[in-house]
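What follows is a short report on a single structure.
Letters A, B, ... are given to chains in the order of the sequence lines, protein chains preceding strands, and every chain is numbered from 1.
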Number of protein chains: 2
Amino acid sequence: MEKILFDFISKYISLTDDERNVLLSLNLFHSVKKGTVLLKEGQKSKDSYFVLKGCIRSYYFVDGEERTTAFYTEMEALTPACALSKTPSGYYISCSEDTLLIISNADMEEEVNSKFPKFDIMCRMFSAELLAKQRIDFDEFKTSSPEQRYLNLLQKRPDLLQRVPQHQLASYLGITPQSLSRLRSRLVKK
Amino acid sequence: MEKILFDFISKYISLTDDERNVLLSLNLFHSVKKGTVLLKEGQKSKDSYFVLKGCIRSYYFVDGEERTTAFYTEMEALTPACALSKTPSGYYISCSEDTLLIISNADMEEEVNSKFPKFDIMCRMFSAELLAKQRIDFDEFKTSSPEQRYLNLLQKRPDLLQRVPQHQLASYLGITPQSLSRLRSRLVKK
DNA sequence: ATAACTCGTTAACTAAAGTTAATAAATGAC
DNA sequence: GTCATTTATTAACTTTAGTTAACGAGTTAT
């Protein structure tokens with residue numbers, strides 16, 4: 001479990017035993033049951049999440065309807081906007097599966113970063129990378145049709161289709177559950 | 001001109017005169033004519049862009065057709081994925097207007113950051129902020145119809161409708177120019 | 001065990017976007 | 001200034017997504 005974290009960090013910086021121990025002393029690891037809501041709309045939280053095992057999901061309520069916008073699975077991280085801007089969250093985050101998470105707090109990060117400037121470097125590299133990746137995801141979404149987006153998802157995250165309900169996938173693809181169902185049956189006919 | 005940069009930086013960190021002078025010595029400011037292509041598909045570049053005045057645009061070619069995915073205007077920044085991953089760029093970047101830019105290079109940033117760790121902190125804060133903002137833009141895009149996206153754009157970036165051609169706006173909204181034209185005439189009738 | 005919900009699918013219908021083509025106005029090139 | 005190209009609009013037609021409703025299978029609660 002710790003190994004997963006340290007392996008991940010080693011992609012960016014190398015740590016001394018001292019630094020490892022500081023991280024371990026922070027009580028970052030949390031095991032969370034499926035269905036647990038980590039963040040609610042309107043809530044102010046300074047927590048960030050990093051998924052070690054399992055899946056978390058962000059969603060809005062639009063006209064009383066749930067609209068799923070993202071799934072975060074193994075090795076993916078989410079810092080909600082509210083953690084940076086101190087404004088209430090616009091969306092919910094919940095666990096789609098029993099999930100093993102690293103939950104870190106903005107204040108705690110501040111403290112660790114000021115003690116070990118190395119972490120600033122890692123965070124900078126990691127967020128710049130995520131920003132560019134997310135930009136490309138957004139671009140792909142914009143430049144493709146629902147059908148292409150579905151096929152793209154099949155290629156890139158085939159696991160999601162197994163682990164997540166269809167109607168959540170549908171809004172993740174920007175369409176209704178009925179459209180997704182239809183689209184799928186259209187594809188098998190070909 | 002320098003003032004714009006330093007005002008921006010002061011939102012994150014405070015600089016000494018020494019640090020300011022190092023920045024100024026780097027020859028970061030560039031005045032670029034409308035139509036200039038800053039980055040081509042397939043090209044490897046380590047440059048990042050920050051718009052002081054004007055507008056730059058990123059676009060793909062899909063089946064020989066230009067597909068615009070983003071506009072960056074005053075105080076907005078773009079680090080192309082290729083600058084981080086050393087892979088060839090998937091898209092083009094060009095100037096939509098005569099533009100005043102800060103162009104920084106990854107190697108140069110590395111050097112400045114190692115000399116002034118403060119910059120790492122600033123970059124971390126700035127990219128984390130952008131990441132969260134872009135996430136929300138993506139969420140809004142997913143959860144709304146082309147019409148809502150257009151109305152949303154009218155609210156949030158009304159200037160874009162004046163400074164950018166319709167057909168580029170259309171693909172920015174994820175639709176064809178014909179659909180945008182129709183959508184607009186549908187709206188005026190209401 | 002039954003009742004109430006949720007989930008995925010299908011169908012019929014409506015609304016809107018994609019496609020193809022034609023046109024006119026604006027822009028740029030020579 | 002003329003010609004060619006680009007841009008925005010409109011129209012007719014096709015395709016696909018949204019909407020509403022119904023159905024059965026699976027789940028959950030009591």
Nearest whole Å is fine: how far is [N] [atom2] from [X] [atom1]?
{"X": "A:R149", "N": "C:dG18", "atom1": "CZ", "atom2": "C1'", "result": "14 Å"}
{"X": "B:L183", "N": "C:dA16", "atom1": "CG", "atom2": "C1'", "result": "9 Å"}
{"X": "A:Q168", "N": "C:dT6", "atom1": "CD", "atom2": "P", "result": "13 Å"}
{"X": "B:Q148", "N": "D:dG18", "atom1": "CD", "atom2": "C1'", "result": "12 Å"}
{"X": "B:Y150", "N": "C:dA16", "atom1": "OH", "atom2": "P", "result": "16 Å"}
{"X": "B:I175", "N": "D:dT16", "atom1": "CD1", "atom2": "C1'", "result": "15 Å"}
{"X": "A:E65", "N": "C:dC7", "atom1": "CD", "atom2": "C1'", "result": "13 Å"}
{"X": "A:L173", "N": "C:dG8", "atom1": "CG", "atom2": "C1'", "result": "15 Å"}

Centroid separation under 6.0 Å, is that true for the rings of B:Y49 and B:Y72?
no
Is it true that A:Y91 and A:Y59 have ring centroids separated by less than 6.0 Å?
no
Pick out which of B:Q148, B:R149, B:K156 makes a side chain to side chain donor-acceptor pair (under 3.5 Å) with B:E140.
B:K156
Think [X] has a side-chain N or O under 4.0 angstrom from the OP1 or OP2 of [N]?
{"X": "B:H167", "N": "D:dA8", "answer": "yes"}
{"X": "B:R186", "N": "C:dA17", "answer": "yes"}
{"X": "B:T176", "N": "C:dA17", "answer": "no"}

Can you see whether A:S185 engages A:R182 through a side-chain donor-acceptor pair at a distance of less than 3.5 angstrom?
no
What N/O pairs connect the protein and nucleotides 9-11 of chain C at under 3.5 Å? Give each pair on its own line.
| residue | atom | partner | partner atom | Å |
| --- | --- | --- | --- | --- |
| C:dT9 | OP2 | A:S181 | OG | 3.3 |
| C:dT9 | O5' | A:S181 | OG | 3.2 |

Could you go through A:R57 and A:E66, starting from their C-alpha distance and side-chain angles, then the distance that decides it, and tell me whether this counts as salt bridge (charged side-chain N to carboxylate O under 4.0 Å, His left out)?
CA-CA 11 Å; A:R57 172 175 74 101; A:E66 234 185 61; 2.8 Å; yes
In terms of side-chain geometry, is the basic nitrogen of [X] or [Y] positioned less than 4.0 Å from the acidic oxygen of its partner?
{"X": "A:R157", "Y": "A:E76", "value": "yes"}
{"X": "B:R186", "Y": "B:E147", "value": "yes"}
{"X": "B:R135", "Y": "B:D139", "value": "yes"}

Listed pairs, N/O of protein and of nucleotides 25-28 of chain D, under 3.5 Å:
none

Between B:K34 and B:S145, which has a closest nucleotide on DNA chain C that is more 5'?
B:S145
Could you go through the salt bridge (charged side-chain N to carboxylate O under 4.0 Å, His left out) check for B:D98 and B:K34 one step at a time?
CA-CA 4 Å; B:D98 290 351; B:K34 174 174 177 173; over 6 Å; no
